[in-house]
Amino acid sequence: MKKITIIGLLFLGFYGHAQIRVGVESNSQYYVDDNKIKLDPNEAEDRFRSNNYIKLDYTIKHFEFGIQGEGYFPKAILNYNPQLQDFNVGTIYARYNNYEKGIDITAGHIYEQFGSGLALRFWEDRALGINNALFGGKVKWRIGDVAQIKLLGGKQRIGMGFDLSDGVVYGADTEIDITNLLGQDNYTLKFGASFVGRYEDITQLYANAPKTTDVFGPRIDYAGERFNFSAEYLYKTDDMHAENLNIYNNTVRDGNAFLVNMGYNANKFAMNLNLRRVENFGFFSQKNVTGNVFNYGMINYVPSLVKQYDHSLQNIYVYQALSKMSFEPDREKAGEIGGQFDVVYEAEEGSFLGGSTGAAFAVNGSYWAGLKNDAIYDTDEYGWEYVKDLKTKPFGFGTRSYSDISIEYRKPFSEKFSAIFSYLNQYYNSDFLEGKGYAIKANVVAAEGTYFLSDMKSIRLELQHLWADHDRKNWMGGTVEYVPNSNWSFFISDIYNYGTEAESEKLHYYNLGGAFTKGATRIAASYGRQRGGMICVGGVCRYVPESNGFTLNLTTNF
């Protein structure tokens with residue numbers, strides 16, 4: 001049946017009076033042992049691994065049909081969800097979208113977001129191995145330019161396309177545009193509200209488990225000429241506690257989340273402030289996958305609100321949001337509280353700070369802590385004492401988990417040469433976050449210069465250094481990138497952990513490679529070592545193991 005569907009879509013695309021779009025992506029790795037890094041013996045049988053995607057979208061008048069095939073041969077790249085295997089239909093959908101009538105209906109795999117995503121976000125990110133699409137139905141109804149209503153329901157993808165969650169997810173979202181309602185055009189004001197529910201009956205195993213858990217709340221979004229403001233509050237009804245794929249039937253409690261964003265923009269100056277408090281706000285479509293390391297089954301989106309840095313040494317100590325409860329001994333966590341700020345200033349040409357060619361300054365900082373809490377203990381049927389709940393205060397700051405402050409200076413010294421200088425100070429509490437027994441204070445400096453040999457030819461040099469008082473301590477690194485024309489680019493990079501006390505950890509993580517781009521096609525290849533740790537995209541992270549080998553990436557659209 002799946003093969004017939006694919007063949008049918010191809011037939012319609014080539015022989016119908018319509019438009020078909022095709023996207024192909026292939027990411028492959030071949031792992032090689034060297035004298036320092038060796039593949040885990042349990043994984044060594046399959047040294048070549050490849051993640052492959054082909055997506056076809058067919059449009060005719062108001063109708064749209066799409067299918068995505070996925071192949072993982074012979075297995076998915078290391079540390080992707082092990083349920084991703086072989087070749088199969090990843091997602092499939094049919095859509096009717098009539099803009100004039102304000103009707104948009106989709107059946108099949110659905111991607112959607114309510115508000116900021118705190119209540120619901122179904123999305124795909126192949127670099128993280130995430131595809132949390134909902135398989136079911138969705139209706140959007142737009143009432144002129146004043147209001148919009150969304151309704152959806154179904155089961156969530158938790159592996160390949162038709163591996164679905166035990167729980168049923170349903171939701172509604174509405175938004176009213178006050179600006180258009182009042183006929184204003186000098187500001188934007190919108191009010192919205194979201195409701196998301198999960199139904200999962202596990203009472204045969206856990207008699208006190210709620211069959212339904214709901215998340216709901218209002219939001220506001222204002223944007224003026226210079227000032228913008230948005231806020232969202234969400235309440236989560238009783239949910240049975242789970243973490244690390246284990247369910248704790250003695251603990252059932254509610255949760256909440258509060259997010260505020262503020263910004264100001266005036267000529268060459270801009271600033272932004274994000275504040276958030278989340279408590280017991282992990283929300284998964286199936287209870288026994290809560291807290292899995294592969295990020296599947298997530299209904300809502302709680303990214304870390306910290307700056308996403310560009311340089312490799314700035315991303316060794318990355319922070320992940322503490323949205324879920326955790327009853328780890330002596331490190332009980334109920335959630336997080338904190339925020340981040342950005343300040344950007346562009347100094348004009350001829351000014352004292354800008355010099356003859358102008359300059360740009362950026363300052364960013366963040367502070368995050370666990371919620372201040374008191375553990376509430378109880379005794380189980382066998383007489384063992386356990387943590388039953390955590391009592392929190394609305395604005396109580398507990399143990400500091402992470403903080404940073406960075407300064408960035410961008411300067412075009414001439415039409416041919418520009419540079420970026422940055423400094424980062426970090427505090428990473430690996431004791432509270434990972435149980436390692438210490439907190440890390442780190443400082444990172446980086447300098448990057450790009451020289452244009454012609455309009456299409458350039459060379460870029462990057463140098464960086466990290467000082468840390470614990471863990472693997474000091475690192476140094478550098479990158480050289482050469483772009484001979486608009487089609488080709490080549491690079492060589494290395495980061496070296498020279499400060500570690502363990503001789504086996506004194507490694508050069510070198511990498512060299514290149515890329516070819518022509519139109520919508522890009523091919524990139526590289527060889528080198530990959531530092532083990534977290535990689536993050538948009539504030540969501542996954543762990544990658546230490547490895548060495550070849551990498552080949554291909555993307556194309558036609």
Side-chain angles (χ1 to χ4, degrees), residues 113-121 191-196 213-222 228-239 241 243 251 253-263 271-284 290-291 298-307 318-328 331-342 364-376 387 389-405 427-429 432-433 538-541:
Q113 178 170 317
F114 290 175
S116 67
L118 267 177
L120 176 146
R121 188 189 187 199
F191 289 98
S194 300
F195 170 83
V196 183
T213 297
D214 302 322
V215 167
F216 54 87
R219 65 179 182 271
I220 181 174
D221 192 347
Y222 169 82
N228 63 78
F229 172 85
S230 66
E232 184 172 17
Y233 174 79
L234 294 164
Y235 176 75
K236 178 186 175 187
T237 63
D238 283 349
D239 195 7
H241 179 57
E243 58 179 298
T251 304
R253 62 160 296 178
D254 59 1
N256 59 80
F258 183 53
L259 173 67
V260 174
N261 301 310
M262 293 178 283
M271 65 180 299
N272 193 69
L273 177 66
N274 312 110
L275 303 172
R276 187 175 69 193
R277 181 190 188 275
V278 293
E279 179 176 352
N280 188 30
F281 215 67
F283 196 23
F284 287 75
T290 300
M298 295 188 302
I299 296 174
N300 61 339
Y301 177 63
V302 189
S304 58
L305 293 183
V306 297
K307 183 178 174 66
V318 293
Y319 177 69
Q320 293 190 83
L322 300 176
S323 60
K324 302 180 289 292
M325 290 185 67
S326 175
F327 292 164
E328 300 169 44
R331 295 188 294 128
E332 294 87 3
K333 309 180 188 78
E336 70 172 15
I337 185 170
Q340 72 161 340
F341 72 89
D342 285 287
N364 173 274
S366 67
Y367 183 97
W368 293 97
L371 297 179
K372 188 175 180 60
N373 65 77
D374 295 315
I376 300 173
V387 177
D389 201 356
L390 299 174
K391 185 178 181 181
T392 63
K393 296 182 179 180
F395 300 105
F397 280 74
T399 303
R400 177 170 56 144
S401 52
Y402 179 88
S403 64
D404 67 6
I405 186 163
Y427 173 87
Y428 183 85
N429 192 341
F432 182 65
L433 296 171
V540 178
C541 306

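In this text, all values refer to a predicted model and were calculated from it rather than measured experimentally.
Remark: K236 does not engage E279 in a salt bridge, criterion side-chain N to carboxylate O under 4.0 Å.
Applying the ring-ring contact (aromatic ring centres under 6.0 Å, His included) rule to F195 yields no partners; only residues at least two apart in sequence or on another chain are considered. Residues passing the side-chain hydrogen bond (donor to acceptor under 3.5 Å, both in side chains) test with T399, sequence neighbours excluded: none. A search for side chain to side chain contact (heavy atoms under 4.5 Å, CB included) contacts involving K324 returns F284, T290, not counting sequence neighbours. With sequence neighbours excluded, no residue forms a salt bridge (charged side-chain N to carboxylate O under 4.0 Å, His left out) with R121. Annotation: side-chain hydrogen bond (donor to acceptor under 3.5 Å, both in side chains) contacts of T251 (sequence neighbours excluded): none. Taking D342 as the reference, N364 meet the side-chain hydrogen bond (donor to acceptor under 3.5 Å, both in side chains) condition, with sequence neighbours excluded.
Relative orientation of the Y402 and Y428 rings is perpendicular, given thresholds of 30° and 60° on the angle between their planes. In this pair, H241 and F327 present their aromatic rings tilted. The plane angle is within the 30 to 60° band.
What you find for E336 and A321 is that their closest heavy atoms are OE1-CA, 3.5 Å. A369 approaches R400 most closely through the heavy-atom pair CB-CA, 4.0 Å. Nearest heavy atoms, S116 versus E232: OG-OE1, 2.6 Å. S194 and A119 make their closest contact through CB-CB, 4.1 Å (heavy atoms, listed as atom of the first residue, atom of the second, distance). Annotation for I337 and G396: closest pair CG2-O, 3.9 Å, computed over non-hydrogen atoms. Looking at every heavy atom in both residues, F432 comes nearest to S401 through CD2-CB, 3.8 Å.
Distance CG/L275 to CG/L259: 8.5 Å, rounded to 0.5 Å. Note that OH of Y301 is 12.0 Å distant from OG of S323, once rounded to the nearest 0.5 Å. To the nearest 0.5 Å, the span separating OH on Y233 from CZ on F216 amounts to 8.5 Å. Atoms CG and CG, from L390 and L371 in turn, are 9.5 Å apart once rounded to the nearest 0.5 Å. Interatomic distance, N373 CG to K391 NZ, rounded to the nearest 0.5 Å: 11.5 Å. To the nearest 0.5 Å, atoms CG (N272) and CG (N228) are separated by 6.5 Å.
In this structure the side chain of T392 reaches within 4.5 angstrom of the side chain of R277, judged on heavy atoms. Counting heavy atoms from C-beta on, the side chains of D254 and T237 never come closer than 4.5 Å. Using a 4.5 Å heavy-atom cutoff, the side chains of W368 and R276 are in contact. The shortest distance between side-chain heavy atoms of F283 and L234 does not fall below 4.5 Å. Looking only at side-chain heavy atoms (C-beta outward), F281 and V215 come within less than 4.5 Å of each other. F229 is listed as a side-chain neighbour of V260, based on a closest heavy-atom distance under 4.5 Å. The shortest distance between side-chain heavy atoms of L322 and L433 falls below 4.5 Å. Counting heavy atoms from C-beta on, the side chains of Q340 and D404 never come closer than 4.5 Å.
Using a distance-only test at 3.5 Å, with no hydrogens or angles considered, no donor-acceptor pair links the side chain of S366 to the main chain of V306.
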